[in-house]
Amino acid sequence: MIDFAGDWWSGLPALAQDLLWLCLLAAPGLLLGVLVVAGHRPFALAAAMAKRFTFTSLLFGALIAVSVGIGTGLIAQERALREGTARAADPFDLVIAAPGSEITAMLAAVYLEASDVPLVPGDLYAEIADDPRVAIAAPIGFGDHLDGAPVVGTTPQFVAHLAGEPAQGRMFADHFEAVAGALAPLGVGDRFTPRHGTEEAEGEAGDHHDHEGYEFSVVGRMAPTGSPWDRALLVPIEAVWEVHGLANGHAPEHEEQVGPPFDAAYFPGTPAILVTASELTQAYALRATYQTERTMAFFPGAVLSSLYGLLGDVREAMSVLAIVTQVLVTAGVLAGLVILSRLFARQMALLRALGAPSRFVFAVVWSYAAVLILAGSGAGLLVGYGAARIISAIVSARTDILIEASLGWTELHLVAGFVSLTLVIALLPATIALMRPPVADLRA
Amino acid sequence: MTGPRTPAASSLSISDLAVRGEDGRVILTVPALEAAPGVSLAIEGPSGAGKSTFLYALAGLVTHTSGSIRWGATDLLAASGTERTRFRKNHLGMIFQDHLLFEELSPLANAAISAGYAPRARRRAIVERARTLLERFGLGDVEARTVRSFSGGERQRIAVARALAGNPDIILADEPTAALDRANADRLIDDLAGLAREEDRTLIVVSHDARLTNAMQRRVRIADGRLVEADAG
C-alpha cells in the first residue's frame, strides 16, 4: 500500500505534486475557517474591529508581513543564488587545472575570481588539445584589468562557445583586438591599455602598472551570459602572454596566429584549460583521463553541487530559524490580540447580551485575527519577493552573476503552512474573549 | 413577523430571587414580582441600588443567582448558558445607556446586527424591519454613513431599532435617556413606549428619568439591593 502510494506520488507531474502540497498545507486553515464561521456572518464586525483599531491592526499585520517576508525572502534568495551560479557555470563543461583546490580553480576560471594558482604546462596542454575526444581546449589567462573589468585572455573558439556570435561587431582576429563582455565599460571602437593586477589588489603592496605600449581596440561585444564574463574584456590569450613579456604560444614563424593550435615549446602555461568534449558522454571519460598526479579535472556543476550540499545543512537551519521566527512573531502578535481583546470586550459583551451565540462571538474574534494573518501573510510574500529582488540586484552588481529572484512553490508552501498553523493558534484569543464575564464588560 | 414571537413568553414571574457578588455576598433580593405580557414596567431607585443588576438578571446575564425568574414557561435561572443565549436571541431586545454601537458600521448594519447570527431564513426580514424602524425614527442615509456621524439622540434611536429589529417579546432598557438632552429624551420615550404599546411588547426600563418612568404602566422601586415597593400593576 505504501509502495503503491509512493509510486503514485512519484508518478505525478511536479506541478501536480506542488499543487497537492499547497492544498494539503492550506487545508487545515481553510477547514478551520469553514468550521468556525459556518452559518454566521462575522466578517462585517471583524472588519469594523480592524477599522476601529486601525493603527494596531496595521502594526500587527506589518509584524506578520515582516516575519513572513524574512522567511520567504530567505528561501527565494537562496534559490536565486543557487540557480544564478549554476547558470553562470553551465557553459563550462570541464575544467582541467594543475592539482589543488577545485573550488579555487573553479572560482578563478568560471567566476573570474583571480587567485594565484599553479599553471598547466605546454606539453600537458598539447596532450589535452590533441585528444580526439576534445572539441575545444581553451587556455585562459588573467591578471590584468581596466576600471574594474578583468582583461581575460582566451581563444575565439571558447568565446563563441560561451556566448555565441558577438551581438555587435565581430570576434577578435588580431592579437590586439578585444571583444567586450555585455556589461563591460567599453564599446565597439573604443581602445584601452590594460593595467596589471586586479582592481581589488590596487592599493595593496605589489606591482601595479599600465601595460604601456600595448593598446587594444574593441571590435565586438558579446551577448549576455549572466556570468562575470559579461563584465570582462576578452582578448586573445597570445596578447596576455605577450604583454607580460612571455612567448605567445606560437613559434616565431606563426607569431601572428590567433588561437590553436599552440606550440608546446612556446606555451608559457595557463591556470586552467576550459574543455568542451566532442560528445557529451565523452566528458566523463575525459575527466577520468585527466584526473592524474599532474592535473585535476572537474565539472564546475558538480563542484557547485557539492558546495551546495555542504551548505545544505546551513540552509535547512536557516529555513527552520525563519519558520521559528515567523511562529514566534505570530505568537507575539496573537498574545497582543489577547490584550487587544480587552479593548473590544464591551462590543463582545454587547453581542452576548443581544443573544449572539458564543460561536458567533468566537467567530468574530477569530475572523479578526484571520484577517490580520491573511493580509499580513499576503503582504509578507510581497515583502519577501521585493527584498529578494533588491538583494539579487545588489549581489548581481557585486558579482556580475545574474541573480534573478522569483517566488516559487517552496515559498507558497511555507506561507500556506504558516497560515494554517497560525489560524489554529488564533483559536486561543477567540477562546479567551469568550471567557470574559459580559456584565462586568458591559459596565466597564 | 421576523421571529418566533410567543407573547406567552413575555409574562414575568419572579420568586425568591437572590443575586450574589463574586464574594458570595447577596447584592440583590427580589422576593416576588409578577408582570403580565405586554406590560410596561419602570424600575426606579437610587444609584447603586441594584437596578441594572436586576435588569441583567432578567436577561439571564448574571451567574451567581438563586430563586427563579420565569419568562412564560422558561425558568431562566435553571436554564443552561446556551439556553439563556437562545432565549435572549429569540425573545429579548436590550438597550443601554450609552448606545454601544459599532461606530464603524452604518445605522442599518448596527440595527440589523442580529442578522449576522440569525438563521439564514430570518436574515432578510431582520434587515427589512431594521430599515423600517430607522425610517420610522426619522433617520435617513442609513447605509452610506457610519454611525460616528450621527448625534447622540440619533444613535440611541439606532440602538432602539437594534433592540426591536429581531422582533422580540420583551425589551429591557438600562437608563436609555440618561445620555440625552431633554428634547431627544422625550422623542425617544415617545418612540419606545409607543412602539411597545402598539406591538404589545413587554417593556422594562431602569431609569431616573421621571418622564420615562411616568410613561410606564407600572413602577417598582429598588433600594439597598432589595425590591422594596411593587405597585399593584
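Each chain gets a letter, A, B and so on, in the order the sequences are listed, and its residues count up from 1. Because only heavy atoms are used, hydrogens play no part in the values below, and waters and symmetry mates are left out as well, while side chains stay in.
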Side chain, backbone, both or neither: which part of A163(B) has a heavy atom under 4.5 Å from chain A?
-> neither
Heavy atoms only: give me the nearest A48(A)-F102(B) pair and the separation to one decimal.
-> CB-CD2, 4.4 Å
Interchain contact, P357(A) with chain B, by part (heavy-atom threshold 4.5 Å) = both
Measure the shortest side-chain to side-chain distance between L354(A) and L92(B) over non-hydrogen atoms and say whether it is less than 4.5 angstrom.
-> no
Could you give the distance from CG (L350(A)) to CG (L101(B)), rounded to the nearest 0.5 Å?
-> 8.0 Å
What are the two closest heavy atoms between L61(B) and V439(A), and how far apart are they?
-> O-CG2, 3.4 Å
Whether over 12 other heavy atoms sit under 6.0 Å from W21(A) CH2 | no
Between chain B and chain A, which donor-acceptor pairs sit under 3.5 Å apart?
{"from": "G39(A)", "atom 1": "O", "to": "R123(B)", "atom 2": "NH2", "distance (Å)": "2.8"}
{"from": "R41(A)", "atom 1": "N", "to": "G116(B)", "atom 2": "O", "distance (Å)": "2.9"}
{"from": "R52(A)", "atom 1": "NE", "to": "E104(B)", "atom 2": "OE2", "distance (Å)": "3.0"}
{"from": "R346(A)", "atom 1": "NH1", "to": "D98(B)", "atom 2": "OD2", "distance (Å)": "2.9"}
{"from": "R346(A)", "atom 1": "NH2", "to": "D98(B)", "atom 2": "OD1", "distance (Å)": "3.3"}
{"from": "R346(A)", "atom 1": "NH2", "to": "D98(B)", "atom 2": "OD2", "distance (Å)": "3.2"}
{"from": "R352(A)", "atom 1": "O", "to": "R88(B)", "atom 2": "NE", "distance (Å)": "2.9"}
{"from": "R352(A)", "atom 1": "O", "to": "R88(B)", "atom 2": "NH2", "distance (Å)": "3.2"}
{"from": "R443(A)", "atom 1": "NH2", "to": "T53(B)", "atom 2": "OG1", "distance (Å)": "2.6"}

